[in-house]
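Bear in mind the structure is a predicted one, so any value in this text is a computation, not a measurement.
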Amino acid sequence: MASAPQEQLTSERLAHVRRDADAEVLIIGGGINGLATFRDLALQGIHVLLVERNDFCSGASAASSHMIHGGVRYLENGELRLVKESLQERNRLLAAAPHYVRPLKTTIPIFSVFSGLLAAPFRLLTHTQGKPKERGAFLIKVGLMLYDTFGRDGGRMPRHSFLGRKKSLAQMPYLHPDVKYTATYYDAAMDNPERLALDVLRDGLDAGAHARAANYLSAVGFEGESVVLRDEMTGERFSVTARVVINASGPWTDVTNSGLGMPTQFMGGTKGSHIVLDNTELFEACDGREIFFENSDGRIVLMYPILNRVLVGTTDIPVDMTEEVVCTDDEVDYFFDLVKHVFPGIHTDHSQIVYRYSGVRPLPSSGDTNPGFVSRDYRIVHGRLGETTPVLSLVGGKWTTFRALGEHLADETLDALGKTRSQSTASLPIGGGRDFPLSPSAKAQWASEHAGPISPERAEQLLMRYGTSATRVIADLAVWGDEALEHHPGYSVGEIRSLVANEWVVTLSDIVHRRTSLAFSGQLSHSLLSELAHIMASERRWSNEDISREIMSITVEEGSSQWVLS
Ligand SMILES: Cc1cc2nc3c(=O)[nH]c(=O)nc-3n(C[C@H](O)[C@H](O)[C@H](O)COP(=O)(O)OP(=O)(O)OC[C@H]3O[C@@H](n4cnc5c(N)ncnc54)[C@H](O)[C@@H]3O)c2cc1C
């Protein structure tokens, strides 16, 4: 619980929520899907309030493989609708958020010609869930032809290509010498999903005072037609009423419904973990691409270069939502084995891990189906709280499809309110993706025009970090200066102050995990943590005790092996 000055700040922090105890719509959950729905409803002029128990984008949305993809492998589950929608949304996001979403060349190493031919179409046609069989070249070719049909965006995305063994090894010499073919196609990736999520939130808030959101505020009960909220910093409770409640609490959807007095059993999430490696040889072996392949157990796994590191994932393990999920040593061994499977000459070990993380996919419950074959599509289930309050529970939903899902949930909400849509989000730019310069020369020009008190090089660095919203940071640097951090020259004191002041930062973890990629890319040190905590202390009036507690909270995570200090 917060100490006295923090409590005072907390009540200031929530003044906008407490000012008005009635909303047309209450959204529970500030992951990407709750945020996308918030943005959409806010843009329709709806009085919408979003509450997030922790920080924005800290649940499943912080645990993804960072891919914006059609999901080649969902084809064999027969999920054609999902693949089509995902590819369309991938293409839209490349245009709407070019500051955070980039094309990702993807290569599948193939070790057989005909394997899986009987198993996969059988699964597609009958929706039965056999043991995965190795996917051979022929099957992958058919899948990628379908993928091209759905996803080429009028020819803007390149067609897939196949190479034989000799050419594959010439292009990627570290590949396993038994490789028979490689298939290459394009998908997309986001280096910093948390920042993209914040842009979605800001778009909603910018729609006007009718849109309100707060982090560290939980929905904990339902009493007399009101939802009870709890401030997670002080424990204080208060109530709000809403004409419609949306439960977008991801893998916690059943837990939230149960807390509201409406027990459900919609969810059956599976745990997935990742490690981030500092391994130059592996980085080079990937040749700038995602390597997407079938591991020896039949699971589809991946690795790709990101922020000068290599991301390796992932697992798919059924879990109990009441338990904490962590990336275990067994999973780490699994990741090391999968690297060996494609790049047998490359050595990996624990000393190269700079970060590891784990999360639960918000999947529908599905009996004893093999986790890899559980549908990744979403649905919206209608229910009722008390006598009169409709509640829409979201079951499922990927990162890739957040805009379409937000639109879908918003449409059902508008229906329930008896209102109609006034604008579409289909081709609206997102946050700092608005007017984002695409070519190197346009970027340089933007930087020299907007640099103000800083150098054009620094302005370009901020453009790449925040998109065109960098102008907000630059305006703050004009006031606070741009003195580099002592323990990380890539950031300045003024920049961190700007993030703290403008981006709903409550804890030190918010800064290192979600406003920056410092933890993910393994750039943290104890001295940097202390420097950041002291900057936050002056903005947030923290005592020495507050500072130690904040640093400890991150060190504790290190102890539970959620992340590793460099
Ligand atoms: C290992 C893994 C890899 C993945 N890889 C990809 C990928 O590469 N590409 C892709 O498209 N998708 C991927 N996904 C899926 C994607 O990340 C998730 O489906 C998506 O982020 C879910 O977002 P959400 O908003 O529905 O849920 P969440 O992000 O979990 O948000 C729900 C929020 O609700 C909050 N909450 C819970 N209870 C309450 C309460 N009572 N009051 C207030 N707030 C509450 C939680 O704190 C949480 O922040 C992956 C998922 C995992 C786990």
Side-chain angles (χ1 to χ4, degrees), residues 24-25 27 30-50 56-57 61 68-70 84-103 151 153-154 156-157 188-213 246 248 378 394 397-415 417 419-438 442 446 463-472 502-504:
E24 280 182 291
V25 179
I27 300 177
I32 190 55
N33 288 320
L35 293 171
T37 311
F38 173 76
R39 172 182 186 248
D40 196 316
L41 287 170
L43 289 167
Q44 315 312 321
I46 300 299
H47 287 249
V48 55
L49 169 64
L50 179 145
F56 302 115
C57 198
S61 301
I68 296 294
H69 63 151
K84 211 168 160 185
E85 180 176 80
S86 302
L87 285 168
Q88 187 173 37
E89 291 303 311
R90 177 199 70 186
N91 296 342
R92 284 186 169 141
L93 274 173
L94 281 163
H99 57 321
Y100 292 138
V101 181
R102 61 176 164 97
D153 196 19
R156 267 189 291 265
M157 294 298 276
M190 41 187 180
D191 290 345
N192 198 329
E194 292 82 3
R195 291 219 55 87
L196 177 55
L198 289 175
D199 271 11
V200 172
L201 168 64
R202 188 179 294 280
D203 278 358
L205 291 171
D206 284 352
H210 60 276
R212 298 174 292 157
I246 297 176
Y378 58 84
L394 171 63
K398 299 180 60 59
W399 242 104
T400 305
T401 47
F402 73 82
R403 190 216 60 85
L405 184 153
E407 182 178 75
H408 192 162
L409 248 177
D411 280 340
E412 296 207 7
T413 308
L414 289 168
D415 261 1
L417 292 171
K419 296 196 169 180
T420 49
R421 170 171 293 280
S422 57
Q423 69 167 301
S424 162
T425 54
S427 46
L428 274 188
I430 298 176
R434 195 163 287 111
D435 302 323
F436 186 73
L438 295 177
W446 188 97
L463 173 70
M464 299 313 288
R465 210 170 263 169
Y466 306 109
T468 50
S469 307
T471 48
R472 191 173 43 240
N502 299 316
E503 297 198 338
W504 317 283

Item to complete: Enter the distance from Arg403:CZ to Thr425:OG1 here, rounded to the nearest 0.5 Å.
Response: 4.0 Å
Worksheet item: Does the side chain of Cys57 come within less than 4.5 Å of Val200's, by heavy atoms?
Response: no
Fill in: Minimum heavy-atom distance Gly397-Tyr378, with the two atoms named
N-CB, 3.5 Å
Worksheet item: How many angstroms lie between NE2 in His69 and OG1 in Thr401, if you round to the nearest 0.5 Å?
Response: 9.0 Å
Worksheet item: Can you name the nearest heavy-atom pair linking Ala42 to Ala211, along with the distance?
Response: CB-CB, 3.6 Å
Worksheet entry | Working for side chain to side chain contact (heavy atoms under 4.5 Å, CB included), residues Asp435 and Trp446 | CA-CA 10 Å; Asp435 302 323; Trp446 188 97; over 6 Å; no
Discussion item. I want to check something: taking the side chain as every heavy atom from C-beta on, are Trp399 and Leu196 in contact at a cut-off of under 4.5 Å?
Written reply: yes
Worksheet item: Mind checking whether Leu43 and Asp203 have side chains closer than 4.5 Å, heavy atoms only?
Response: no
Worksheet item: Between Glu24 and Val48, is there a donor-acceptor pair closer than 3.5 Å when you use the side chain of the first and the backbone of the second?
Response: no
Worksheet item: Between Arg195 and Glu503, is there a salt bridge with N-O shorter than 4.0 Å?
Response: yes
Response to the item:
To the nearest 0.5 Å, atom CG of Leu417 lies from atom CD of Gln44 at 11.5 Å
Item to complete: Grab the two heavy atoms, one from Gly34 and one from Ala248, that are nearest each other, plus how far apart they are.
Response: CA-CB, 3.8 Å
Worksheet item: Is the closest side-chain heavy-atom distance between Arg434 and Ser469 below 4.5 Å?
Response: no
Discussion item. Nearest 0.5 Å, please: how far is OG1 in Thr400 from CD in Glu89?
Written reply: 9.0 Å
Practice prompt. Please tell me if the side chains of Pro98 and Leu438 come closer than 4.5 Å, counting only heavy atoms from C-beta onward.
Written response: yes
Response to the item:
One should read off an interatomic distance between His99 NE2 and Arg465 CZ, to the nearest 0.5 angstrom, of 14.0 Å
Discussion item. Could you report the tightest heavy-atom contact between Ala410 and Thr37, atom names first, then the distance?
Written reply: N-CG2, 4.2 Å
Worksheet item: Any donor and acceptor pair, going by atom type alone, linking the side chain of Arg212 with main-chain N or O of Leu49 inside 3.5 Å?
Response: no
Discussion item. Apply side chain to side chain contact (heavy atoms under 4.5 Å, CB included) to residues Ile430 and Leu93 and explain how you reach the verdict.
Written reply: CA-CA 9 Å; Ile430 298 176; Leu93 274 173; 3.8 Å; yes
Worksheet item: So do the side chains of Arg472 and Arg202 get within less than 4.5 Å of each other, counting heavy atoms only?
Response: yes
Practice prompt. Kindly say whether Tyr100 contributes a backbone atom to a donor-acceptor pair with the side chain of Asn192 at under 3.5 angstrom?
Written response: no
Worksheet item: What do the steps show when you test Phe38 against Val25 for side chain to side chain contact (heavy atoms under 4.5 Å, CB included), and what is the final call?
Response: CA-CA 9 Å; Phe38 173 76; Val25 179; over 6 Å; no
Worksheet item: In Å and rounded to the nearest 0.5 Å, what is the OH to OG1 distance from Tyr466 to Thr468?
Response: 13.5 Å
Worksheet item: Between Leu50 and Phe56, what is the shortest heavy-atom contact and its length?
Response: CD2-CE2, 3.8 Å
Worksheet, complete the sentence: On a heavy-atom basis, the closest approach of Pro103 and Leu94 is N-CD2, 3.6 Å
Item to complete: Determine yes or no for a side-chain-to-main-chain donor-acceptor pair under 3.5 angstrom, with Arg39 supplying the side chain and Gly406 the backbone.
Response: no
Worksheet item: Can you tell if the side chain of Leu198 reaches within under 4.5 Å of the side chain of Trp504, non-hydrogen atoms only?
Response: yes
Worksheet item: Any side-chain heavy-atom pair from Met157 and Leu87 closer than 4.5 angstrom?
Response: no
Worksheet item: Can Asp40 and Arg421 be counted as an ion pair, charged N to O under 4.0 angstrom?
Response: yes
